[in-house]
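Each remark here refers to the structure printed beneath this line.
Quantities reported herein were computed from a predicted structural model and do not represent experimental measurements.
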Amino acid sequence: MLQALQGRYGARGLRVLGFPCNDFANEEPDDLPTIRSFCEREYGATYELMDKIHIRSGRGNDVHALYQWLTAQGHDAGPVSWNFEKFLLDRKGRLAARFPPDLQPDHPAVITAIEAALRG
């Protein structure tokens, strides 16, 4: 579904970025080339996958600076609850919306927020 968003809105400026991490129930233990290959094969993903990072503190892990910033913004501030939590930045780099892991990328609330972020 993230690939579909990239295809639908990429020409208008949306960039989907994936940040793999293994901070939740050992769901992402592989290295980046293996993760990238899996995403390409299973989902046709062509969006950018960044290096694996830590997004939740614990076991001596430092939360990556990007996620320190993302999780400190707005009324939804707080730690990431699980993999696949989604953050939407507007054209000026401000946090426009944050969505829980169980909300699908094609949910109307996500589409509405993307449309608004691309307009503004």
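One finds the CG atom of L66 at 6.0 Å from the CD1 atom of I53 (value rounded to the nearest 0.5 Å). Annotation: the span from L17 atom CG to Q6 atom CD amounts to 8.0 Å, rounded to 0.5 Å. How far CD1 of I111 is from CZ of R8: 4.5 Å, rounded to the nearest 0.5 Å. In this structure, C21 SG and I55 CD1 are separated by 3.5 Å, a value rounded to the nearest 0.5 Å.
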Using distance only, find each side-chain donor-acceptor pair of residues 32-43 under 3.5 Å and give its atom names and separation, not counting sequence neighbours.
residue : atom : partner : partner atom : Å
T34     : OG1  : D31     : OD1          : 2.6
R36     : NH2  : L49     : O            : 3.0

Which donor-acceptor pairs under 3.5 Å do side chains of residues 88-98 form with protein atoms, sequence neighbours excluded?
residue : atom : partner : partner atom : Å
D90     : OD1  : K92     : N            : 2.9
D90     : OD1  : G93     : N            : 3.1
D90     : OD1  : R94     : N            : 2.9
D90     : OD2  : R94     : NE           : 2.8
D90     : OD2  : R94     : NH2          : 2.9
R91     : NE   : L118    : O            : 2.9
R91     : NH2  : R12     : O            : 2.6
R91     : NH2  : L118    : O            : 3.2
R98     : NE   : E85     : OE2          : 2.5
R98     : NH1  : D76     : O            : 2.7
R98     : NH1  : G78     : O            : 3.0
R98     : NH2  : G78     : O            : 2.9
R98     : NH2  : P79     : O            : 3.0
R98     : NH2  : E85     : OE2          : 2.6

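Neither Y9 nor M1 shares a network with the other; the hydrophobic side chains, linked directly or stepwise wherever heavy atoms of I, L, V, M, F, W or Y lie under 4.5 Å apart, form separate groups for each. Both L103 and I114 belong to a common hydrophobic cluster when Ile, Leu, Val, Met, Phe, Trp and Tyr are linked at side-chain heavy-atom distances under 4.5 angstrom. Hydrophobic clustering (ILVMFWY, side-chain heavy atoms < 4.5 Å, transitive): F99 and V80 are in distinct clusters.
Nearest heavy-atom pair, A25 versus W82, reported as atom, atom and distance to 0.1 Å: CB-CH2, 3.6 Å. Scanning all heavy atoms of the two residues, the minimum distance from K86 to P101 falls at NZ-O, 3.4 Å. Heavy-atom minimum distance, H107 versus A109: ND1-N, 2.9 Å.
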Exercise. Walk me through it: do H54 and V63 pass the test side chain to side chain contact (heavy atoms under 4.5 Å, CB included)?
Key: CA-CA 5 Å; H54 293 292; V63 175; 5.7 Å; no
Quiz item: Can L14 and Y47 be said to form a side chain to side chain contact (heavy atoms under 4.5 Å, CB included), step by step?
Solution: CA-CA 10 Å; L14 180 73; Y47 53 83; over 6 Å; no
Practice problem: Apply side chain to side chain contact (heavy atoms under 4.5 Å, CB included) to the pair F19 and H64, showing each step before the final yes or no. | Solution: CA-CA 10 Å; F19 292 88; H64 190 278; 5.8 Å; no
Self-check item: Step-by-step side chain to side chain contact (heavy atoms under 4.5 Å, CB included) determination, K52 to N22
Solution: CA-CA 8 Å; K52 285 177 71 171; N22 195 37; 4.0 Å; yes
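Close placement of the Y67 and F87 rings is indicated, their centers lying within 6.0 Å of each other.
The 12-atom threshold is not exceeded at CZ of F84, counting heavy atoms of other residues, nucleotides or ligands nearer than 6.0 Å.
Annotation: salt bridge (charged side-chain N to carboxylate O under 4.0 Å, His left out) contacts of R119 (sequence neighbours excluded): none.
For the pair P100/S81, no side-chain contact is recorded, criterion being any heavy-atom separation below 4.5 Å from C-beta on.
Between the side chains of Q3 and T46, a donor-acceptor pair is found at a separation under 3.5 Å.
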